[in-house]
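Chain naming here is simple, since letters A, B, ... match the order of the sequence lines and numbering starts at 1 in each.
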Amino acid sequence: MKVGLFVTCLVDLMRPNIGFCALRLLESAGCEVVVPADQTCCGQPGYNSGDRKAAQALARKVIEEFDACEYVVVPSGSCSGMIRAHYPELLAEFPDLRAKAEALAGKTYELTDFLQNMVRLDRVPGKFSGTVTYHDSCSGLREMGVKSQPRALLAKVAGLSVREMQQPEQCCGFGGTFAVKYGDISSRIADLKCEDVLSTGADALVLGDLGCMLNIEGRLRRRGDNNTRVLHVAEVLAGELPQD
Amino acid sequence: MQITSQDFKRVSSLKLTDPQLQKAMGNAKGKLVVTRARSILELDNFEDIREAAARIRDFGLQHMDVLLEEWERNATAAGTIVHWVESPQDVNAKVIEIARNHGVRKIIKSKSMLGEETNLNHALEDAGLDVRETDLGEYIIQQSGETPSHIIAPAVHKSKEDVADLFAEKHGRRRLTDIAALTHEAREILRPHFLDADMGISGANFIVAETGSTMIVTNEGNGRMTTTMPRVHVAITGIEKIIPTLEDVSMILRLLTRSATGQSISNYLSFTTGPKRDADKDGPGEFHVIIVDAGRTRILGSEMREALRCIRCGACMNHCPVYQNIGGHAYGWVYPGPIGSILTPSFIGLENAIDLPNAATLCNQCGVVCPVKIPLPDLMRKLREKQVERGLRPWTERLGLRLWAWAATRPAIYSLLTRIGARIGKIAGGSDGVLHKLPPGGAGWTSGRDFPAPKGKTFRELYARRPVAGKGAKS
Amino acid sequence: MSARENILKRIRAANGKTAPASVQEREAVVARLRAHARGPLPSMNWDPLPRFKERCIVMMSTVDQIGSRAQLPQAIASYLRENSLPARGVCWPEFADLDWSAAGLEFQSRPSNGDDKVGVTGTYCAIAENGTLMLLSGENTHATTSLLPETHIAVVPASRVVRAMEDGWDLLRREHGDLPRQVNFVSGPSRTADIEMTLVMGVHGPYRVHVIVVDA
């Protein structure tokens with residue numbers, strides 16, 4: 001399978017390790033992976049802020065960059081959701097681009113969904129002795145149908161057990177620029193998510209989206225919790241956890 | 001209702017630290033979310049019904065004029081007096097006119113959100129009429145001089161201690177603390193008014209084209225009394241409440257009561273068709289229905305059209321993480337939560353409710369539970385687009401987004417900027433690996449959270465330097 | 001132009017239609033109304049009468065079942081006695097001929113004026129799906145009897161239990177044609193949860209509903 005890896009702007013800037021983990025997982029599954037060198041951002045910040053033109057400019061770029069790929073895989077529910085659920089509408093006023101957007105949307109996958117359902121990965125390199133709890137990111141869950149896939153893959157990690165929160169599907173409060181514009185509401189929502197995480201007693205929170213990750217980790221640390229690890233599912237599956 | 005949507009930020013911040021509100025919201029959320037989920041399981045074809053409900057609502061919007069004319073024909077044949085009014089002020093004026101024509105002094109009311117839109121109670125009181133809200137929650141907030149904070153449970157923000165104080169003061173009796181006792185005291189106080197009111201005013205959950213009926217969904221009995229006891233009954237309804245047939249209503253009701261309160265059915269469903277018949281021994285001698293536009297035709301012709309499918313269940317706000325934490329008053333007008341974030345700017349003007357479509361994470365917890373599949377986050381996003389088009393966003397935000405797009409479409413520049421950012425960020429994060437403060441613009445984040453620091457290098461630069469070994473690696 | 005004309009015109013414009021509704025559009029809409037097709041219904045794999053009784057209890061009514069109409073006064077007297085309720089009230093005219101005094105009861109056949117503590121009504125039909133009474137207003141089916149008294153006793157012939165509200169409407173159309181002034185679907189005692197989301201029974205309508213199913 002020829003896969004184009006879209007690492008996402010947050011992974012690129014904040015957590016390159018996650019990009020390499022995704023790469024490792026895809027390669028270990030026998031995929032031929034290309035990483036278009038000039039990729040930057042899917043355009044979601046502009047899109048969700050109402051700046052359609054800015055978002056369109058970035059969408060065009062992404063469409064062109066990944067045009068030749070058979071599949072596009074993204075270690076993010078929100079960025080893959082942007083491409084699959086929103087690019088066609090975003091480019092609706094450009095008929096030629098709209099067709100390309102639909103083609104791209106049809107071949108874009110969130111990482112765990114791709115590994116579980118397309119590649120059918122039956123073994124993962126990762127090992128983890130401890131319990132984790134999994135947060136379902138809103139776009140991953142509601143736009144990309146990601147729910148059972150990460151859990152099925154985590155079940156293959158030697159030594160790892162999953163303990164569910166009370167409300168794994170509850171929003172963490174990130175919401176992109178919402179986190180900054182309505183910071184106090186956002187922090188409060190994040191705080192409730194932290195309490196849910198902590199109530200499981202899990203050693204780590206695992207999730208599939210950087211926005212959620214930074215938000216929840218940021219709140220945990222401000223609360224004085226330096227013990228609960230916050231890990232991207234790609235890192236756990238690939239067995240390449242960040243050094244602390 | 002007085003508009004305070006422009007105060008959203010200030011009020012929402014206050015509500016976050018209001019212990020009473022937080023307790024009330026926590027209590028409500030658990031009950032409404034859990035009971036809805038349980039009751040939905042009773043319908044083994046919930047998604048089919050939901051799809052059919054959305055289609056019926058769209059049919060109603062698409063053929064609204066013909067359906068309303070059919071409704072009117074049937075209503076008139078049953079003896080209903082039908083009035084059409086265009087503006088909120090016209091609604092109030094029409095009700096007052098009917099009251100005057102019938103020598104009305106005392107009015108009992110069952111809940112109407114449309115009445116809140118038009119400030120009906122104040123207008124009636126200013127006209128010298130005695131108006132009593134009879135729905136317990138509405139009665140409570142009428143007594144306390146507040147506005148409803150939820151469309152189904154208007155007094156959800158109040159504690160029983162608040163109500164105990166309020167009743168002790170207003171009823172002039174011994175202060176009670178038991179919720180059942182407080183409720184029964186309200187029953188006792190309101191009962192005489194049901195019996196001697198001249199006019200009853202109700203809203204309408206739906207109006208049925210097939211039969212010319214209006215119908216209300218209630219639990220307390222006040223709706224039945226309001227529409228049965230007084231000699232004149234006036235129902236006010238928005239044009240968008242039109243549903244084609246009784247079967248359509250029956251089907252939608254299965255979703256409405258479950259979505260609203262987790263009830264398989266609400267206690268009373270009352271379908272009113274005309275005034276008392278000659279042989280009837282009870283019922284109003286006259287039944288008036290006021291059909292109201294008040295901005296709905298404008299919304300119908302706009303990109304917010306799907307919001308008119310709303311059946312006022314409240315599920316969206318019950319499931320909204322923002323609403324769950326700040327309550328309804330911060331939204332500043334009649335409709336709070338996700339539907340409020342769309343209806344309020346649509347009714348009162350986008351420039352008067354700037355925050356509402358933005359104060360959302362677009363998580364779509366609302367859209368998933370909406371019984372008529374209103375694409376709530378998409379509509380919020382469209383309103384954000386409208387704000388940008390109309391220049392209503394702060395220039396700093398516009399500039400920031402434009403710079404982001406400018407840089408992100410220029411890979412070399414972007415690469416440079418991100419490499420610099422990653423390094424500076426890592427240094428700023430220090431040995432903790434977190435930033436406690438962000439540059440201007442980021443204070444909203446760091447007032448309540450740390451910001452995890454970048455790791456110092458970007459993926460793209462590391463990937464570009466990756467040793468080419470075997471398959472896969474490309475730059 | 002009247003408000004009515006303005007509104008209708010604006011509706012059409014909002015729907016992208018410049019001309020008034022065509023004959024075809026009207027006919028199509030009216031045909032849909034006349035067909036009054038049912039939407040998707042949930043599975044109802046239960047027998048109506050047991051389901052009705054079970055759901056009445058879930059909705060916090062009490063339920064009794066008797067063999068014949070003649071047994072009503074005794075059944076009602078037992079119920080009132082067991083619950084320490086007054087032995088008098090009002091009833092619909094259809095029950096005026098029952099032997100109330102033999103059971104030690106005093107029931108007047110008239111609408112309720114608000115002072116009565118007990119009201120006895122029949123039902124047009126009963127809906128099994130949720131334990132619901134379908135009541136029609138009318139000359140002999142006073143609306144106040146089931147509404148004002150603290151206790152509502154509803155007599156339900158077993159033969160009049162239907163599955164769903166849609167069946168109730170079909171029955172009404174067949175037997176009556178037009179709707180009466182008010183059709184009320186009553187599912188138990190009145191209630192509210194407006195204070196701290198705590199359920200309280202007996203708000204403005206009855207505190208309690210007692211359903212008596214009559215076999216014959």
Report summary line: Highest number of heavy-atom pairs under 4.5 Å with chain C among B:Glu42, B:Lys23, B:Glu69, B:Lys158 belongs to B:Glu69
Query raised in the report: What part of B:Leu246 is in contact with chain C, defined as an atom under 4.5 angstrom from a non-hydrogen atom: side chain, backbone, both or neither?
Result: both
Report summary line: So, the part of C:Lys17 with a heavy atom under 4.5 Å from chain B: the answer is side chain
Query raised in the report: If you measure only the distance, is there a donor-acceptor pair under 3.5 Å linking the side chains of C:Gln182 and B:Ser270?
Result: no
Query raised in the report: Are the side chain of B:Asn267 and the backbone of C:Pro189 linked by a donor-acceptor contact shorter than 3.5 Å?
Result: yes
Query raised in the report: Does any heavy atom of chain B fall under 4.5 Å from the side chain of C:Asn113, the backbone, both, or neither of them?
Result: backbone
Report task. State the CG-CE distance between C:Leu147 and B:Met225, to the nearest 0.5 angstrom. Result -> 4.0 Å
Query - C:Arg34 versus chain B, the contacting section by heavy-atom distance below 4.5 Å - result: neither
Report task. Hey, could you give me the NE2/CG distance between C:His204 and B:Asn222, rounded to the nearest 0.5 Å? Result -> 4.5 Å
Query raised in the report: Quick one: is the NZ or CZ of C:Arg181 closer than 6.0 Å to the six-membered ring centre of B:Phe287, and within 45° of its axis?
Result: no
Query - salt_bridge(B:Arg277, C:Glu139) N-O dist < 4.0 Å - result: no
Query raised in the report: Between atom CG of C:Leu135 and atom OH of B:Tyr268, what is the distance when rounded to the nearest 0.5 Å?
Result: 10.0 Å
Query raised in the report: Highest number of heavy-atom pairs under 4.5 Å with chain B: which of C:Arg55, C:Met134, C:Glu129, C:His36?
Result: C:His36
Requested in this report: With a 4.5 Å cut-off on heavy-atom pairs, point out which of C:Gly138, C:Pro111, C:Ala35 contacts chain B the most.
Outcome: C:Gly138
**Report entry** Segment of B:Pro275 engaging chain C (4.5 angstrom heavy-atom cut-off)
**Finding:** backbone
Report task. Below 4.5 Å from any heavy atom of chain C, which atoms of B:Glu51 appear? Answer side chain, backbone, both or neither. Result -> neither
Report task. With the side chain counted from C-beta on, respond yes when B:Glu220 and C:Asp194 share a heavy-atom pair under 4.5 Å apart, and no when they do not. Result -> yes
Report task. Would you confirm whether B:Arg191, through its side chain, and C:Leu148, through its main-chain N or O, come within 3.5 Å as a donor-acceptor pair? Result -> yes
**Report entry** Atom pair CZ (B:Phe271) and OG (C:Ser137), whose distance is rounded to the nearest 0.5 Å
**Finding:** 13.5 Å
Query - Value rounded to 0.5 Å, distance of CZ in C:Arg4 from CD1 in B:Ile291 - result: 10.0 Å
Requested in this report: In plain terms, say whether C:Arg173 and B:Glu247 are close enough for a salt bridge, that is, a side-chain N and a carboxylate O under 4.0 Å apart.
Outcome: yes
Report task. For the residue pair B:Ile179 and C:Val200, establish whether any side-chain heavy-atom pair is separated by less than 4.5 Å. Result -> yes
Query raised in the report: Which answer fits B:Leu68, side chain, backbone, both or neither, if we ask what part of it has an atom under 4.5 Å from a heavy atom of chain C?
Result: side chain
Requested in this report: Can you see which heavy atom on C:Pro40 is nearest to which on B:Met251, and at what distance?
Outcome: CD-SD, 3.4 Å
Query raised in the report: Does B:Asp282 reach the main-chain N or O of C:His142 with its side chain, forming a donor-acceptor pair under 3.5 Å?
Result: no
Report task. Among the options B:Arg224, B:Glu188, B:Glu210, B:His83, pick out the one with the most heavy-atom pairs lying under 4.5 Å from chain C. Result -> B:Arg224
Query raised in the report: Would you say the side-chain atoms of C:Asn15 pair up with the backbone N or O of B:Gln62, donor to acceptor, closer than 3.5 Å?
Result: yes
**Report entry** CE-CZ distance between B:Met64 and C:Arg12, expressed to the nearest 0.5 angstrom
**Finding:** 12.0 Å
Query raised in the report: Would you say B:Asn45's side chain and C:Leu41's backbone share a donor-acceptor pair under 3.5 angstrom?
Result: yes
Report task. Check each atom of C:Ser112 against the heavy atoms of chain B and say whether the ones under 4.5 Å are side chain, backbone, both or neither. Result -> neither
Query - Residue C:Pro20 versus chain B: region with a heavy atom under 4.5 Å - result: neither
Query raised in the report: Considering only heavy atoms, which portion of C:Ala37 lies under 4.5 Å from any heavy atom of chain B: side chain, backbone, both, or neither?
Result: backbone
Report summary line: If one checks every heavy atom of C:Val58 against chain B at 4.5 Å, the contacting part turns out to be neither
Query raised in the report: Is it the backbone or the side chain of C:Val203 that comes under 4.5 Å from a heavy atom of chain B, or both, or neither?
Result: both
**Report entry** Part of C:Glu150 within contact of chain B (heavy atom distance under 4.5 Å)
**Finding:** both
**Report entry** Heavy-atom pairs under 4.5 Å with chain B, option from C:Arg38, C:Lys9, C:Glu25, C:Met60 with the top count
**Finding:** C:Glu25
Report task. Could you check if a side-chain atom of B:Leu182 sits within less than 4.5 angstrom of a side-chain atom of C:Ile195, using non-hydrogen atoms only? Result -> yes
**Report entry** Under 4.5 Å from a heavy atom of chain B, the part of C:Thr132 involved
**Finding:** side chain
Query - Side-chain donor or acceptor of B:Asp44 paired with backbone N/O of C:Ser43 under 3.5 Å - result: yes
Query raised in the report: When you measure from the side chain of C:Asn6 to the backbone N and O of B:Glu86, does any donor-acceptor pair fall under 3.5 Å?
Result: no
Query raised in the report: Counting distance only, does the side-chain N/O of B:His184 pair as donor-acceptor with the main-chain N or O of C:Met201 below 3.5 Å?
Result: yes
Requested in this report: Count the heavy-atom pairs under 4.5 Å between each of B:His157, B:Glu72, B:Arg298 and chain C, then report the option with the highest count.
Outcome: B:Glu72
Query raised in the report: Can you check whether B:Lys31 reaches C:Glu196 side chain to side chain, under 4.5 Å on heavy atoms?
Result: no
Query raised in the report: With a 4.0 Å cut-off, would you call B:Asp65 and C:Arg26 a salt bridge?
Result: no
Query raised in the report: What option among B:Arg296, B:Met215, B:His63 has the most heavy-atom pairs under 4.5 Å with chain C?
Result: B:His63
